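None of the values given here were measured: they were computed from a predicted structure.
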Amino acid sequence: YTDIYDTDTVFQCIKAWGPNDQLTMDQLRSKVIVLLKLDLMCRSDDLTKLYRHPTTMVLSNDELVVRFYRTKEATHLTPPIHIPVFPDDQDLCTVSAVKLYFRRTQGMVRDSATVLIEGKHQATGPLIVDSHGQAIGSQRVSKLAKAVLLEAGIDPKFKSHSTRSAAISKAIDMGISKDRVMYHARISSETVLHRHYLRLITGMPAVQVNPNTAIARALRHSFVNPP
């Protein structure tokens, strides 16, 4: 496809679910998955490789910092990706959603060890788990993300992986440089960017942000500041 949907449509759907503390566990899990896929510009498989450990995730009051493993052998990590809090709309704040998800699933995570994180003993294990605390595979992550896209009214032709292209296209259209987006999305060249990810957004409003704006905030700007 040569076009892509506006991520505002996805944010509108998620916001309609209501505040985080009123969401069911299934809703909160799906919300965390979709927000992370957009903010990290990542694949479903990437999320299955995130663990509740400072090696891959550091969660604070100000931001979420994520590093992916580059190889299957888990020997090399990507540079850190920073997702700041989004005080303009708590319902769309990835940091807030992940924090609550951590708290709700803390005692149920299987295959984990207890380590000292931010002065507290916390379980470490896979980030995304099912209702029994077991890791969820990439196919299930994709299925959950796809369900949100369908609920948002996104054309069924777009698979769950389309969130990567949608976020990349949105950030660039909002005024973030291609170099910053490529670094953030771990894209090797501009040729790859144009061939596989950068698409024309249907109904994209003509509004841009300061090019130094955090990418996660740029993705939400037109939703919270409609033209």
Side-chain angles (χ1 to χ4, degrees), residues 5 7-60 63-69 81 83-86 89-113 117 122-154 156 158-164 166-167 216 219-220 223:
Y5 52 88
T7 53
D8 285 1
T9 305
V10 182
F11 290 136
Q12 183 177 17
C13 174
I14 291 175
K15 184 172 176 60
W17 293 352
N20 289 335
D21 58 4
Q22 296 181 14
L23 301 182
T24 65
M25 179 61 80
D26 288 342
Q27 286 178 316
L28 182 59
R29 181 190 301 113
S30 294
K31 181 174 186 174
V32 166
I33 286 172
V34 173
L35 290 182
L36 284 175
K37 279 172 67 68
L38 290 172
D39 287 343
L40 296 172
M41 300 176 175
C42 67
R43 305 171 178 85
S44 295
D45 184 59
D46 292 327
L47 294 187
T48 67
K49 298 173 184 175
L50 289 182
Y51 294 87
R52 304 172 186 226
H53 188 276
T55 302
T56 58
M57 294 187 68
V58 176
L59 185 62
S60 69
E63 65 177 358
L64 171 65
V65 183
V66 171
R67 300 181 74 187
F68 292 111
Y69 284 111
I81 305 168
I83 302 176
V85 295
F86 190 66
D89 192 331
Q90 284 294 315
D91 294 342
L92 297 179
C93 179
T94 301
V95 176
S96 297
V98 171
K99 277 188 174 182
L100 180 58
Y101 184 68
F102 264 41
R103 290 198 298 270
R104 285 196 185 179
T105 57
Q106 183 64 28
M108 55 189 284
V109 179
R110 302 280 186 90
D111 301 324
S112 64
I117 302 176
Q122 300 182 23
T124 64
L127 170 62
I128 309 297
V129 295
D130 62 18
S131 58
H132 303 290
Q134 296 179 325
I136 290 179
S138 59
Q139 287 187 340
R140 176 94 184 274
V141 170
S142 294
K143 184 177 180 179
L144 292 172
K146 174 65 173 178
V148 176
L149 297 183
L150 290 175
E151 183 178 341
I154 302 299
F158 294 110
K159 308 301 182 183
S160 67
H161 181 59
S162 65
T163 54
R164 181 166 160 87
L219 292 178
R220 293 156 173 76
F223 181 77

Check: Glu63 main-chain N/O paired with Ser60 side-chain donor or acceptor under 3.5 Å
yes

Side chain of Lys143, backbone of Ser160: donor and acceptor closer than 3.5 Å?
no

Val129 and Pro126: which non-hydrogen atoms are nearest, and at how many Å?
CG1-O, 3.6 Å

Mark yes or no for whether Gln27, through its side chain, and Thr24, through its backbone, hold a donor-acceptor pair below 3.5 Å.
yes

With rounding to the nearest 0.5 Å, note down the distance linking OG1 in Thr9 to CD1 in Ile14.
11.0 Å

Checking the side chain of Lys31 only, and the main-chain atoms of Val98 only, is there a donor and an acceptor separated by less than 3.5 Å?
no

Main-chain N/O of Thr55 paired with His53 side-chain donor or acceptor, under 3.5 Å:
yes

Work out which heavy atom in Ala145 is nearest to a heavy atom in Val34; give both atom names and the distance.
CA-CG2, 4.1 Å

Check: Lys99 and Leu59 side chains under 4.5 Å, non-hydrogen atoms
yes

Those residues that, when tested against Gln139, pass side-chain contact (heavy atoms from CB on, under 4.5 Å) (two or more places apart):
none

For Gln90 and Ser96 the tightest heavy-atom approach is OE1-OG, 2.7 Å

When rounded to the nearest 0.5 angstrom, what is the spacing between CZ in Arg43 and CZ in Arg164?
4.0 Å

Taking the side chain as every heavy atom from C-beta outward, state whether Thr94 and Leu36 have any atom pair closer than 4.5 Å.
yes

Drop me the distance from Thr105's OG1 to Met25's CE, to the nearest 0.5 angstrom.
6.0 Å

Which of Asp8, Asp91, Asp39 passes salt bridge (charged side-chain N to carboxylate O under 4.0 Å, His left out) with Arg220? It is Asp39

Could you state the interatomic distance from CZ (Phe11) to CG (Leu35), rounded to the nearest 0.5 Å?
6.5 Å

Under 4.5 Å between any side-chain heavy atoms of Asp46 and Leu40, yes or no?
no

Nearest heavy-atom neighbours spanning Thr56 and Lys49
CG2-O, 4.2 Å

Does some side-chain heavy atom of Trp17 sit less than 4.5 Å from a side-chain heavy atom of Val148?
yes

Hey, what do you get for CG (Leu127) to CZ (Arg29), rounding to the nearest 0.5 Å?
11.0 Å

If you look at every heavy atom in Ser162 and Tyr5, which pair is closest and at what distance?
OG-OH, 2.8 Å

Please give me the minimum heavy-atom distance between Gly18 and Leu23, naming the atom from each residue.
O-CD2, 3.8 Å

Quick one: pull up OG in Ser142 and CD1 in Ile136 and give me the separation to the nearest 0.5 Å.
11.5 Å

Do Phe68 and Leu50 have side chains that get closer than 4.5 Å, going by heavy atoms?
yes

With side chain to side chain contact (heavy atoms under 4.5 Å, CB included) as the test, would you mind laying out the steps for Phe223 and Thr7 before giving the verdict?
CA-CA 9 Å; Phe223 181 77; Thr7 53; over 6 Å; no

